[in-house]
*Asks:* 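Quick one: this structure, given as structure tokens, is what I'll be asking you about.
Please read these numbers as outputs of a predicted model, since none were measured by experiment. Because only heavy atoms are used, hydrogens play no part in the values below, and waters and symmetry mates are left out as well, while side chains stay in.
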Amino acid sequence: MSHTRRDMIIVDDLRVRFGSHDAVRGVSFRVPEGSSFGIVGESGSGKSTVMRALAGLNDLWDGYLEIAGMPLGRGKPPDFFRRVQMVFQDPYGSLHPRQTVDRALSEPLLVQGIGDIDRRIRQVLADVALPAAARFRYPHQLSGGQRQRVAIARALISEPSVLLLDEPTSALDVSVQAEILNLLADLREERKLTYLMVSHNLAVVAHLCPWVGVMSNGEMVEILSAEDLRAGRTRNPQTTRLRELSAELG
Amino acid sequence: MIGRLFDRAWLLSDSPQSRAQAAWGRRYRLWCDFRANKPALYGLATVIALLACAILAPLLATHDPVTQNLGQRLLPPSTQHWLGTDELGRDVYSRLLYGARVTLGMVLAVVVLVAPIGLAVGCVAGYYRGAADVILMRVTDVFLAFPRLILALAFVAAIQPGMTSAVIAIALTTWPPYARLARAETMTIRDADYIAAVRMTGASSGRIILRHIMPLCLGSLIVRVTLDMSAIIIFAASLGFLGMGAQPPSPEWGTMIATARRFLLDQWWVPLIPGIAILVASLAFNLLGDGLRDVLDPRQG
Amino acid sequence: MLVEISGLNISFPTPHGMHAAVRDVSMTLGTEKLGIVGESGSGKSLTARALLRLLPPAAVTRADTLRFDGIDVLSASEKQMGMIRGRRAGLILQDPKYSLNPIMTAGDQIAEAWRNRRKGSRRQAKEAAIDLLAQVQIRDPRRVADSYPHELSGGMGQRVMIAMMLAPDPELLIADEPTSALDASVQAEILKLMEDLVSRRNMGLMLISHDLPLVGHFCDRVAVMYAGRVVEELAAGELGQARHPYTRALLDCMPSLTHPRPRLPVMARDPAWLT
Ligand SMILES: Nc1ncnc2c1ncn2[C@@H]1O[C@H](COP(=O)(O)OP(=O)(O)OP(=O)(O)O)[C@@H](O)[C@H]1O
Ligand SMILES: Nc1ncnc2c1ncn2[C@@H]1O[C@H](COP(=O)(O)OP(=O)(O)OP(=O)(O)O)[C@@H](O)[C@H]1O
Ligand SMILES: [Mg+2]
Ligand SMILES: [Mg+2]
């Protein structure tokens, strides 16, 4: 990986335990500024757990985590959440059932004391290709894909520098997925955003991320470049199997 | 702006132009939903009528509620005394009106005290878990474990018998179930991703509890509170009966029944009339609460 | 025919009259695998829910025929529907973790579904639940059986839901994006499991997904929905020769592992598709 750019995300020997179950055991990787790192791996291998630790949503971890130049500890610097945002895996569970889209989008701005709320909401809704009519709807009035776009809009609205994306497009149909992936690529260009993206779809990860880490059973068994993944230059049997199955369907 | 509030099309616009328009539209829609629920509407009308009676008691009353006239004891309803007189010859109709002030006032005071306390304790315990939860819930258990009436009596006796202490005593013994209810709801909500998403905005725990968790617990709490209204009225009456609540001669519905119960067989209207008043008030609050719960849950529609 | 739908319309009241979310949808399903693909918000989930009468209360449903195994779903009694739901027909919902009971362990929920149809002791049900979890490729089924929904990963929640729906041995399985959170290898195993049920136990399967290649690979027939209508229905093998521009554009939008493109083509939606 390049050494000229600063590392926006540093994960060093991260371990997470839930009771007697080791969900993550010794994961390390780095993501330079303006780049993207993808995590793939079987279900339950600890991908979301890594994300939640980085997002500061779980304090029960060991190791060293640094994000946007801020080492993570028990307390978080005040502008942590302005610089780091996350899109959750499940679009049904990640929107408050009693709050309209407008309320969900204005909340980060209110908390962070960012002004010009009205214009920003309009803009971000347009960015994620949601109709203006959706603004004052409740989540239960939206389909799964529309909800996920609201979740992405909420993460984008406070203009973070690091985005943690947990399966951002798995609830979307391919046409919307294409729009979102293009949007994410454009934003990365414009705003020098850094992404950490989890997906089970190798094609999606390889499209957006130059580097990919493969997780299995709580460990990162291989880190390889997207080109290597595409060309099938894999070393770990786990990766090889995932790649074969994806290539068969894709 | 004000004029627009009467413009249906503006209120119901599918793509509101501003947040104010959306908010008013939402309120209007809530009102439409509520209006469609006939029983709730009757409940609301009755509650408003009762409150109006209480406020306008001096205008509506035909007699002074405390003046005794021993020559006119226990009269049946007549044109002179619309609802008859009680054992001290006081006009029951007028006492009922003034009693509404005392009784409804006490009930509302209790609710205003109890609901926020129960909600706050429950939500905080459920949200923080751990030590806060253990401590708060043990305190709740202690209050739950005591027989209600004895606890209230002890409390009132310790300070001074009277309305204020009765209200505090009732509040003291009624909040624990609300705290338990709110805690149970909070426990199922707090691990949801949407709360994690709010935490990702950097919101403080206080803001999360207040603005994101409490509104979700409110629905079941409202129903529970309105169901408890009649129990609160009766409880206030028992305190009054034991001389620990509203002090005579101040008219209070529960005390009116209690003192008149000796006449249940011969002059049955004397205890019956305040009884009907309590029934009507409880029913009205109940219907209203049910309607509010339905309307406040947007997933219903 | 296990399922017959014709002329299905679902609309929601809005202040400006009715908003039609599903318009004039017709399809039939025997003991086969029918795939439904389509744009987000095109009414796929609503169609599936209508079949079990599980629509939101505000929805207004009209249909010429809406039958499950000869039973008219629109006029069936609540008791009859109760017999169908969760016993004869299973619905794997799109929002697994949200649909699971948050205060009951995964194992208990599956065991309860199992006991719905079969007589058996609590212990048997629990063993059956663990066995089902193993069948859906959960690594340590015993731990997961004792976990609450918020302790599960996204894909595990999805598989718990699948196990729950398979537990009563249904005749019809409606799977709404059942594998959207699963990696390719688990996905393949689960599809194999469903395939097996279809051929061995004569189950009908309605698979809702936006993964076109997957549906093409796995199903017998594919219906493509757009803005509340079925715009095209074809045999799975003919997906490559799809005629409707929407279907063709869908195939084009996919990122590909082996043929990378710097930018994905986006779909230009033609208003004419709406009519
Ligand atoms: N709060 C929790 N309590 C206990 N165990 C948990 C908790 N959260 C996650 N786990 C466990 O940690 C493991 C990893 O979960 P994680 O959500 O990170 O998986 P994942 O890789 O994201 O999988 P998926 O692709 O299915 O979403 C799982 O075995 C899960 O059961
Ligand atoms: N309760 C409701 N009130 C109003 N509109 C609704 C309601 N439920 C769904 N809709 C609308 O109906 C349309 C179809 O929704 P449906 O959930 O069937 O979409 P879908 O095809 O399953 O999409 P996805 O792939 O994103 O899940 C959407 O436009 C949605 O906004
Ligand atoms: Mg996950
Ligand atoms: Mg859907």
*Asks:* Please rank A/Asp166, A/Val204, A/Asn201, A/Asn217 by heavy-atom pairs under 4.5 Å with chain C and give me the top one.
*Replies:*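 Winner by heavy-atom pair count: A/Asn217.
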*Asks:* Report yes if some heavy atom in the side chain of C/Met161 is under 4.5 Å from a heavy atom in the side chain of C/Ser99; otherwise report no.
*Replies:*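 Yes. Closest side-chain heavy atoms under 4.5 Å.
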*Asks:* Heavy-atom cut-off 4.5 Å, strictly under: side chain, backbone, both or neither for A/Ser175 against chain C?
*Replies:*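 For A/Ser175, heavy atoms of backbone and side chain both lie under 4.5 Å from chain C.
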*Asks:* Counting heavy-atom pairs closer than 4.5 Å to chain C, which one of A/Glu167, A/Arg243, A/Glu179, A/His21 comes out on top?
*Replies:*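 Option with the top pair count is A/His21.
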*Asks:* Chain A: which of C/Arg261, C/Gln94, C/Arg159 shares the most heavy-atom pairs with it under 4.5 Å?
*Replies:*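 Most heavy-atom pairs under 4.5 Å with chain A: C/Gln94.
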*Asks:* Side chain, backbone, both or neither: which part of A/Glu42 has an atom under 4.5 Å from a heavy atom of chain C?
*Replies:*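 Contact with chain C: backbone and side chain both.
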*Asks:* Does A/Ile180 reach the side chain of A/Ile152, with side-chain heavy atoms less than 4.5 Å apart?
*Replies:*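 Contact flag for A/Ile180/A/Ile152 side chains = yes.
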*Asks:* May I ask you to test the C/Arg49-C/Leu93 pair for a side-chain heavy-atom distance under 4.5 Å?
*Replies:*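 Yes. Closest side-chain heavy atoms under 4.5 Å.
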*Asks:* Do the non-hydrogen side-chain atoms of C/Leu8 and C/Thr47 ever get within less than 4.5 Å of each other?
*Replies:*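 Yes; the side chains approach each other to less than 4.5 Å.
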*Asks:* When rounded to the nearest 0.5 angstrom, what is the spacing between CD in A/Gln148 and CD in A/Gln177?
*Replies:*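 Result: 11.0 Å between the selected atoms.
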*Asks:* Just by distance, do the side chain of C/Lys44 and the backbone of C/Ile36 share a donor-acceptor pair under 3.5 Å?
*Replies:*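 Such a contact is absent between C/Lys44 side chain and C/Ile36 backbone.
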*Asks:* With the side chain counted from C-beta on, respond yes when C/Pro178 and C/Leu207 share a heavy-atom pair under 4.5 Å apart, and no when they do not.
*Replies:*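 Side-chain contact under 4.5 Å: yes.
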*Asks:* Could you tell me if the ring centre of A/Phe29 sits under 6.0 Å from that of A/Phe37?
*Replies:*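 Yes, ring centres under 6.0 Å apart.
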*Asks:* So what's closer than 4.5 Å to chain A heavy atoms on C/Ser45: side chain, backbone, both or neither?
*Replies:*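 It is neither, since no heavy atom gets under 4.5 Å.
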*Asks:* Are there more than 12 heavy atoms of other residues, nucleotides or ligands under 6.0 Å from atom CG of C/Leu251?
*Replies:*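 Buried by this count: over 12 neighbours within 6.0 Å.
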*Asks:* In terms of ring plane angle, is the pair C/Tyr246 and C/His244 parallel, tilted or perpendicular, where the classes change at 30° and 60°?
*Replies:*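 Ring orientation, 0 to 90° scale: perpendicular.
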*Asks:* Would you mind checking which part of C/Ala181 comes under 4.5 Å of any heavy atom in chain A, side chain (CB onward), backbone (N, CA, C, O), both or neither?
*Replies:*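 Contact with chain A is through both the backbone and side chain of C/Ala181.
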*Asks:* At under 4.5 Å between heavy atoms, what parts of residues 232-240 of chain A are in contact with chain C? List them by residue number.
*Replies:*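 When heavy atoms of chain C are the reference, residues 232-240 of chain A contributes no residue within the under-4.5 Å range.
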*Asks:* Quick one: which of C/Ser209, C/Ser180, C/Gly155 has the most heavy-atom pairs under 4.5 Å with chain A, could you say?
*Replies:*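 Highest number of pairs under 4.5 Å: C/Ser180.
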*Asks:* What is the minimum heavy-atom distance between A/Ala155 and A/Val87, and which atoms define it?
*Replies:*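 Where A/Ala155 meets A/Val87 most closely, the heavy atoms are CB-CG2, 3.7 Å.
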*Asks:* Select one option (side chain, backbone, both, neither) describing which atoms of A/Leu181 are under 4.5 Å from chain C's heavy atoms.
*Replies:*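 Looking at A/Leu181, just its side chain touches chain C.
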*Asks:* Report, in residue-number order, which members of residues 131-142 of chain C are under 4.5 Å from chain A by heavy-atom distance.
*Replies:*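 Near chain A, by residue number: C/Arg139, C/Asp140.
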*Asks:* With a 4.5 Å heavy-atom cut-off, do C/Val222 and C/Val37 have their side chains touching?
*Replies:*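 They are in side-chain contact.
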*Asks:* Measure A/Ala206 against the heavy atoms of chain C and call it side chain, backbone, both or neither at under 4.5 Å.
*Replies:*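 It is the side chain, since no backbone atom gets that close.
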*Asks:* Taking A/Val176, A/Asn182, A/Leu142, A/Thr49 one by one, which has the highest count of heavy-atom pairs under 4.5 Å against chain C?
*Replies:*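 Option with the top pair count is A/Asn182.
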*Asks:* Going by an N to O cut-off under 4.0 Å, is there a salt bridge joining A/Asp186 and C/Arg263?
*Replies:*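 Salt bridge flag = yes for C/Arg263 with A/Asp186.
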*Asks:* With respect to chain C, which residue among A/Arg230, A/Arg149, A/Gln146 yields the maximal number of heavy-atom pairs within a distance under 4.5 Å?
*Replies:*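 Top count of heavy-atom pairs under 4.5 Å with chain C: A/Arg230.
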*Asks:* Are the side chains of A/Trp61 and A/Arg17 in contact, using a 4.5 Å heavy-atom criterion?
*Replies:*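 No, every pair of side-chain atoms sits at 4.5 Å or beyond.
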*Asks:* Are C/Asp183 and A/Leu242 close enough that some pair of their side-chain heavy atoms sits under 4.5 Å apart?
*Replies:*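 Side-chain contact under 4.5 Å: yes.
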